[in-house]
Each structure stands twice: as structure tokens, then as C-alpha cells.
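Reading through the C-alpha cells given below for one structure.
Worth knowing before you read on, the calculation uses all heavy atoms, side chains too, and leaves out hydrogens, waters and symmetry mates. Since we're looking at a predicted model, the values are computed, not measured. Residue numbering restarts at 1 for every chain, and letters A, B, ... go by the order of the sequence lines.
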Protein chains: 2
Amino acid sequence: MKVSTKGRYALRIMLDLAVHDSGELVPLKEIAARQNITLKYMEQIISPLSKAGFVQSLRGSSGGYRLARKPAEYTVGDILRVLEGPLVPNACLEGEENTCPRADFCPTLPFWKGLNKVINDYVDSVTLEDLVEEALSRQSDYVI
Amino acid sequence: MKVSTKGRYALRIMLDLAVHDSGELVPLKEIAARQNITLKYMEQIISPLSKAGFVQSLRGSSGGYRLARKPAEYTVGDILRVLEGPLVPNACLEGEENTCPRADFCPTLPFWKGLNKVINDYVDSVTLEDLVEEALSRQSDYVI
DNA sequence: CTCATTCCTATGGACATAATATGATTATAA
DNA sequence: TTATAATCATATTATGTCCATAGGAATGAG
């Protein structure tokens, strides 16, 4: 019942990019230093975010990353799902089709659907901008 | 972000006991046959439930299990936590003390606390009795 | 070109999950 | 008492995921 480190780190990376968003590209090396995460591990985490179009990147010297949209336009759920896949508490809720043979009569299915809903409603109710405000109110030097 | 099979099976076992609660002891063999779970695996799952005082057991011939309380007196969260441990989405929320060195300034901590709250509020808002009603309304022969 | 940076892929250790298996212990029925 | 049927306790094994480390290829600016 845990979110993996990849999901949690993705959130920290996106938040770091949001807090340090000056329009300039931010090299991953800087984020790695601030967040105390190894560069090589961060590359694996930001790659899916880039492929999903959540960040813009430029290779080569003086390259780096920057947010593709405004912080208010990302929900935390959006970000977590890129790294975690669907945030479902039970495999029977995954996929379009009901593959579980018990679906038609399973008495616990409504419970799992309800849990799924409260989780996803919540993570989609918080935006990256909310976290930015939280970060600014908590620490003056923006070192997250 | 998944509940393990042990947690899900625990719920099905408790529900089976609730639906077939006639005051008599129910041998695990019967539940295993109805739920299509191997007896040996079920033994591992019901053992913590028994130690937690959720079910009463009697050994020997014509022994078995029975609920220790009324179905309305168990929340689904109670049952899941016996098998899963605390239902927290992030390790930093576990334990009494704040062991995470980032806790004092971490800008994502309030988000995780909020997620933790909606999850636990929900799982504790549904009781075993609610599932019994769901089961009876879904299938006439009570074979869950 | 040269250097910094993104991008791609592979590898491995640690740990958890999901079973399966074997047998010991206990209590009831006959 | 004896056989039976159930709980209880460990151990083993396969499988998979998580968390990271690593090496190198491609790219772009100066």
C-alpha cells in the first residue's frame, strides 16, 4: 500500500523544477545536488516525465529541463501515475475490461471501487502549485 | 500502491465467516472450498486474525472458526491492517516518531498526510456488515 | 573539436510476495 | 484409548518488484 520512491522522487523533481522555474533550463545535476538523489537514478525518473510531455528538455551543453506547463496545470495524481501507473489499490480495477471472473458477483468489489475513488479524487485535487506554495511558506531559501 | 493478496483474502475469509455465521464453528476446509483458496495458504492468513482476537477458534475434530464479534463491529480497515500493517502510502508516516530528517521542512509531507487520512477514513467507514449486505443482495445462494 | 548534458540499456542485489510443503500439536468423537 | 480432523508452526521455493549503479551513445553550444 505504498507509493514507490520513483513516484515520490518524481514529485520532488517536478516541485524543484516548479520552484526554480525562471524560464531557463535547469540541468539535472543541480536538482540532484539539491534533492540529494544520484544523477543516474534521477535520469531514470525524469525520462518517463519527458516522454509524457510533462517536462521539456534540451540535450548538450547548457541543456537541461523545464516544466512544459504552469504548476497549476499538473495534479499530483498526474505526476504519480506517470511513474507508478494507475493508482489502484487492487489489480482487479486495472484495465478497461473487467477481466476478473468474480466481477459480476464479488461483494468486495464496490468497496475497492470506493477506495480507488477516494484515492484518485484526492491526488487529483492537489496541484503542483499547491506544493509550491507549501514549499515557499516552509522555507525561505527554497532549498527543498 | 496495492493491497496484497493476504489483505484481500483476509477480507474474503472474514466475510465468508460473517455470511455463514450460524453460531456454529466453520472449518477452514469449507471456506477454502467456497473461496477457492488453498487450505494451507488460508491457514497463514487466518492465524494473525486469530491472534488479533478477530476470530475464535477451536481445535480438534468438529473444530473451526467463528467471528468473535458482530460484523458491524469490524471495519474493513481493522481487518486489512492485521495483515497489511498500517495502511500508509509513504514510509515517512509510519511509527510514532517522525524519523524522517526532512519532516520539519518537507513540502510534500502535508500532501502525504492528507492522502493517508482519506485512505484510512474510507476503509474505516465501511464495516463487515456493509459487505454482508452487499453479498446478500448480489447472490441468492450466499456462495461468495 | 571539446565538453556538458540528455538519453538508452543493461545488470545486480535486496527485499517482498505468493504460494507450497512438511510436520507437530491439540482436541473431539467414537 | 485410538483415530480423526483440525489448528499451529516452520521452512522452502519461485517469482517479481524495488532501488539503485553503471557504461556508454547521441546531441548541441561555444
Side-chain angles (χ1 to χ4, degrees), chain A residues 1-13 17 24-33 35-68 80 82-92 94, chain B residues 1-13 17 24-33 35-66 68 80 83-92 94:
Chain A
M1 211 38 200
K2 295 257 193 343
V3 170
S4 74
T5 59
K6 289 200 174 179
R8 288 183 283 114
Y9 286 3
L11 202 53
R12 287 170 60 183
I13 292 170
L17 281 172
E24 298 296 306
L25 293 166
V26 180
L28 216 47
K29 199 176 173 182
E30 284 184 20
I31 306 179
Q35 297 297 328
N36 201 30
I37 303 172
T38 66
L39 179 64
K40 282 297 184 184
Y41 195 35
M42 283 191 54
E43 287 179 358
Q44 290 181 41
I45 293 162
I46 207 165
S47 172
L49 292 170
S50 182
K51 283 176 181 165
F54 282 37
V55 297
Q56 294 174 343
S57 67
L58 193 67
R59 297 165 79 148
S61 181
S62 78
Y65 295 94
R66 121 183 92 202
L67 292 186
L80 292 181
V82 170
L83 273 292
E84 298 280 324
L87 298 175
V88 296
N90 189 326
C92 74
E94 280 174 317
Chain B
M1 213 34 202
K2 294 259 194 345
V3 170
S4 73
T5 59
K6 288 199 175 181
R8 288 183 284 114
Y9 285 3
L11 203 53
R12 287 170 59 184
I13 292 170
L17 281 173
E24 297 297 304
L25 293 165
V26 181
L28 215 47
K29 198 175 174 183
E30 284 184 20
I31 306 179
Q35 298 297 328
N36 201 29
I37 304 172
T38 65
L39 181 65
K40 282 299 181 184
Y41 196 36
M42 283 191 53
E43 287 179 1
Q44 291 179 38
I45 294 162
I46 207 166
S47 171
L49 292 170
S50 182
K51 284 175 180 165
F54 282 37
V55 296
Q56 295 174 341
S57 67
L58 193 67
R59 298 166 82 145
S61 181
S62 78
Y65 293 95
R66 126 183 87 200
L80 292 180
L83 274 291
E84 297 281 323
L87 299 175
V88 297
N90 188 327
C92 75
E94 279 174 319

- Task: Figure out the CD1/C1' separation between B:Ile45 and C:dT20, and round it to whole Å.
- Result: 13 Å
- Please name all residues satisfying side-chain contact (heavy atoms from CB on, under 4.5 Å) with B:Ser4, sequence neighbours left out, ordered by chain then number. B:Lys6, B:Glu84
- Item | With sequence neighbours excluded, residues passing side-chain hydrogen bond (donor to acceptor under 3.5 Å, both in side chains) with A:Ser50 | none
- Message: So, using side-chain contact (heavy atoms from CB on, under 4.5 Å) as the criterion, who are the partners of A:Lys29 when residues are at least two apart?
- Response: none
- For A:Ala33, enumerate each residue passing the side-chain contact (heavy atoms from CB on, under 4.5 Å) test, keeping only those at least two apart in sequence or located in another chain. none
- B:Arg66: partners by side-chain contact (heavy atoms from CB on, under 4.5 Å), with sequence neighbours left out: B:Leu25, B:Gln56
- Note on the structure: Separation between CG (A:Leu17) and CZ (A:Arg12), nearest 0.5 Å, reads 13.0 Å
- Under a criterion of less than 4.0 angstrom to any heavy atom of chain B, what are the 5'-terminal and 3'-terminal contacting nucleotides of DNA chain D? D:dA5 to D:dA11
- Whole-Å distance, A:Met1 CE to C:dT17 C1', equals 16 Å
- Looking only at heavy atoms, which two atoms of A:Tyr65 and A:Ile46 are closest? And how far apart? OH-CG2, 3.4 Å
- Residue pairs fulfilling salt bridge (Lys or Arg N to Asp or Glu O under 4.0 Å) with at least one residue in residues 35-44 of chain B, sequence neighbours excluded: B:Lys40-B:Glu43
- Letter by letter from the 5' end, nucleotides 2-11 of chain C scores (B base, S sugar-phosphate only, - none; protein heavy atoms under 4.0 Å) --BBBBB-B-
- Could you check how far OH of B:Tyr41 sits from C1' of C:dT22, rounded to whole Å? 18 Å
